2 protein chains.
Amino acid sequence: MENPPPNVAQVFQALGDPTRRTILERLGTGPASASGLAAPLGITLAAVVQHVQVLEDSGLVSTRKTGRVRICTINATGLAVAEQWLRARRPVWEARLDRLGDLLAVEPLKPSV
Amino acid sequence: MENPPPNVAQVFQALGDPTRRTILERLGTGPASASGLAAPLGITLAAVVQHVQVLEDSGLVSTRKTGRVRICTINATGLAVAEQWLRARRPVWEARLDRLGDLLAVEPLKPSV
DNA sequence: CACATTGTCAAGTCTCAGCTTCAGTGTTTC
DNA sequence: GAAACACTGAAGCTGAGACTTGACAATGTG
């Protein structure tokens, strides 16, 4: 069972889907089986399993199989990857915005059209 | 000029695309025109403008048009939305993970089915 | 003014993600 | 052992999204 480190693309793409975010919210309250996740979602078990696969690949969920049931739990790895990416860029962005304010103050805006 | 607050779905979806992340990295070093962004990307100007539109809708970029040039700058709003979503969930996830360890040691898990 | 630059708009193509269906496979229960 | 259960895997459908093309508009520059 390999556990390759998730990349940012995977994590953000995984988080972009509303169904997957719903699954994550649900798992935030505790572990659940695949069929347990499927019930309130109104989609097929197969679809849920596909979502869970994406979430697992992006380090947002981990699963293990006990008997015939696949149990899904939250995994903070993907969350950490996303947070790190954002946190690394925030200072630069904010600095950039401060300087933008200066530029706008100096140079007069020309109303378009 | 409407400025509706970006939702999480938009932001994460926008960040999921590698080209858009490249654009953001570029804009982190300073404002740029649409064609200026297109040059190193190897895609059409039209494609870049479409990406910029997505980024603007998700509050990650703002643009203004001066003359015939559309100037794009970074916007921290979308970043803040994403960070807030992640930060709000981190404690729950980490608590969940801690308790998972305990549960595994003591009693069998009861996943909802 | 002629011309190039920069961007906008509206198709149209193409790939892929999300979903379903269905036919298995392994596991529990009676 | 039979039947219900929980999932797996593959195939196929469909719509969204990334990209192109080409025709147009607006703005600079010789």
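When reading the values below, keep in mind they use all heavy atoms of this one structure, side chains included, and skip hydrogens, waters and symmetry mates. Quick caveat: nothing in here was measured; it's all calculated off a predicted structure. Naming: A, B, ... by sequence-line order, numbering from 1 per chain.
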Fill in: Polar side-chain atom of Arg20(B) near backbone of His51(B) as donor-acceptor pair, under 3.5 Å
no

Item to complete: Classify the ring geometry between Phe12(A) and Trp85(A) as parallel (under 30°), tilted (30 to 60°) or perpendicular (over 60°).
Response: perpendicular

Worksheet item: Which part of the nucleic acid, if any, lies within contact of Ser35(B), taking any heavy atom under 4.0 Å across all strands shown: a base, the sugar-phosphate backbone alone, or nothing?
Response: sugar-phosphate

Fill in: Gln13(B), nearest nucleotide to its side chain (from dG17(D), dT20(D), dG26(C))
dG17(D)

Practice prompt. Would you indicate what Gln53(B) reaches in the nucleic acid, counting non-hydrogen atoms under 4.0 angstrom: base, sugar-phosphate, or nothing?
Written response: nothing

Worksheet item: Taking OP1 and OP2 of dG7(C), is either one under 4.0 Å from a side-chain nitrogen or oxygen of Thr63(B)?
Response: no

Practice prompt. Respond yes when some side-chain nitrogen or oxygen of Thr66(A) is under 4.0 Å from OP1 or OP2 of dA6(D), and no when none is.
Written response: no

Worksheet item: Can you check the Gln10(B) CD to dG17(D) C1' distance for me, whole Å?
Response: 15 Å

Worksheet item: Taking atom P of dT28(C) as reference, at what distance in whole Å does atom CD1 of Ile71(A) sit?
Response: 11 Å

Item to complete: May I ask you to verify if any side-chain N or O of Ser33(A) is less than 4.0 angstrom from the OP1 or OP2 atom of dA6(D)?
Response: no

Worksheet item: Taking OP1 and OP2 of dA18(D), is either one under 4.0 Å from a side-chain nitrogen or oxygen of Arg20(B)?
Response: yes

Worksheet item: Which letters describe nucleotides 8-13 of chain D, given B = protein heavy atom under 4.0 Å from base, S = only from sugar-phosphate, - = neither?
Response: S-----

Worksheet item: If you check every side-chain atom of Arg68(B), which of dC19(C), dG28(D), dT20(D) has the closest atom?
Response: dG28(D)

Worksheet item: Can you tell me if the side-chain N/O atoms of Thr44(A) get under 4.0 Å from OP1 or OP2 in dT20(C)?
Response: yes

